[in-house]
> 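Okay, here's the structure, questions in a sec.
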Amino acid sequence: MWEEPVSTTPVQQMPNSTTPVSRSPLTTLRGRLTEVPLSIPNQQKEATISGAQRTPLTNTPRNFPNRRQDLVARPTVGGKCPRRVLPQPLSSSDEEEYCPSCVTRKKRVRELEDQLKSLQGQVSDPPRPGKISPILAERFKMVELTPGSQVFVYQNHIHQAMARASDKSAASFLLNCFYTNDELVGMNLTGANGKKCPDKEILQSIIGFVMREYQKHSPTESSLKLALRNKLSALESRKLKKDE
């Protein structure tokens, strides 16, 4: 038959009672907790507060020994940013110092302005093929014979040169675009023996154009110069026969 276990907690004598009262372990623990003082006397509280007031706060952010002094204070007004200093525009001297290409462009602009002023008083007749200003060549829709040479001819001259059967014939035709036969009499390609010679840049433009457009004929610079030299010799001999 099952029997209820008997508590082993010692029996306490209640005052004014002759009968012992049995208590459970939980009741005993609660009784012990009530014996602990839950309040601090007022004198001890006052001493703690006064001691805290006399002790300085050494661990606050304001009292850090290594605090940086160059930090910018954050704005205290909401929605506003710190004042910014906008960069000042560079002067002309600063631009020339930091931008070498600006100097080159300004120089080129001045040259073009001078050319334009010099061309304003010229006659409006079409210019002769040769070394002329790019502004004037653009005005009359002329074509540069070789890129970068500033030697210009008309578009119909290009078509006629391309229609020639050989590279040597094309070079002779282009030479006559710049000089007439009367002007070529008495010239040679080098200017030797005190004779006149065609402009070297015009000669190089003619040779460059023919070698570029007649690649199927495999022309060379020496062969083209020989053809032009023979042309000049033929004109001079024809002139001498005519004078006899």
Side-chain angles (χ1 to χ4, degrees), residues 100-120 122-240:
S101 61
C102 297
V103 180
T104 307
R105 292 180 181 178
K106 288 182 178 180
K107 184 178 180 180
R108 180 58 179 166
V109 170
R110 295 191 191 100
E111 292 177 356
L112 293 176
E113 289 177 351
D114 295 339
Q115 292 180 5
L116 183 61
K117 291 179 181 179
S118 62
L119 293 174
Q120 286 179 351
Q122 290 185 1
V123 185
S124 59
D125 295 336
R128 183 178 177 179
K131 297 171 59 177
I132 60 177
S133 170
I135 299 176
L136 189 60
E138 183 179 3
R139 178 181 177 185
F140 290 95
K141 299 180 180 180
M142 301 180 71
V143 182
E144 196 171 19
L145 190 60
T146 301
S149 63
Q150 293 189 358
V151 177
F152 293 91
V153 294
Y154 290 97
Q155 190 67 41
N156 61 333
H157 294 153
I158 299 294
H159 295 326
Q160 294 178 23
M162 293 293 295
R164 298 291 173 167
S166 64
D167 52 338
K168 299 179 179 61
S169 177
S172 299
F173 170 78
L174 289 174
L175 185 62
N176 279 124
C177 294
F178 300 101
Y179 301 95
T180 63
N181 288 336
D182 294 337
E183 293 174 344
L184 291 173
V185 172
M187 286 188 179
N188 57 31
L189 295 184
T190 59
N193 301 323
K195 293 185 177 181
K196 296 181 181 180
C197 65
D199 189 275
K200 294 182 179 181
E201 294 182 2
I202 292 177
L203 285 176
Q204 292 299 325
S205 298
I206 293 173
I207 294 172
F209 173 81
V210 174
M211 293 181 65
R212 183 178 69 251
E213 299 297 337
Y214 283 84
Q215 294 182 3
K216 60 182 180 179
H217 296 276
S218 301
T220 60
E221 183 176 356
S222 59
S223 63
L224 295 177
K225 285 185 177 181
L226 180 60
L228 296 177
R229 188 177 295 110
N230 292 336
K231 179 182 177 62
L232 296 178
S233 299
L235 290 175
E236 187 172 0
S237 61
R238 189 183 305 173
K239 176 67 175 176
L240 292 176

> E221 side chain to I207 main-chain N or O, any donor-acceptor pair under 3.5 Å?
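Side chain of E221 to backbone of I207: no pair is present.
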
> Give a yes or no answer on whether the side chain of E144 reaches the backbone of Q150 with a donor-acceptor pair at less than 3.5 Å.
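Present.
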
> Between E111 and R108 (salt bridge meaning N to carboxylate O under 4.0 Å), is one present in this structure?
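Answer for the salt bridge query: yes.
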
> How far does CD1 of I202 sit from CG of L174, to the nearest 0.5 angstrom?
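Going from CD1 on I202 over to CG on L174, the span is 11.0 Å.
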
> Going by atom types alone, do N188 and N193 pair a side-chain donor with an acceptor below 3.5 Å?
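Short answer, no.
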
> Using modelled atom types and a 3.5 Å cut-off, is there a donor and acceptor pairing between side-chain atoms of E183 and backbone atoms of T180?
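Yes.
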
> Whether the side chain of S223 engages the backbone of P219 through a donor-acceptor N/O pair (distance < 3.5 Å, no angle test) should be reported.
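Between the backbone of P219 and the side chain of S223 there is no qualifying donor-acceptor contact (under 3.5 Å).
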
> Using the side-chain contact (heavy atoms from CB on, under 4.5 Å) rule, take L203 and L228 through it: C-alpha gap first, then chi angles, then the decisive distance, then the call.
CA-CA 10 Å; L203 285 176; L228 296 177; 4.0 Å; yes

> Any side-chain donor-acceptor pair under 3.5 Å between S169 and S166?
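Short answer, no.
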
> Which heavy atom of P127 sits nearest to which heavy atom of F140, and what is that distance?
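That closest heavy-atom pairing would be CD-CD1, 3.5 Å.
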
> For residues 149-161, pull every pair meeting salt bridge (charged side-chain N to carboxylate O under 4.0 Å, His left out), keeping only residues two or more places apart or in separate chains.
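Salt bridge (charged side-chain N to carboxylate O under 4.0 Å, His left out) check on residues 149-161 returns no pairs.
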
> Any ring-ring contact (aromatic ring centres under 6.0 Å, His included) pairs touching residues 195-235, not counting sequence neighbours?
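Sorted pair list: Y214-H217.
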
> Short question: side chain of S172, backbone of K168 - any donor-acceptor pair under 3.5 Å?
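Flag set: sc S172 to bb K168 pair under 3.5 Å.
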
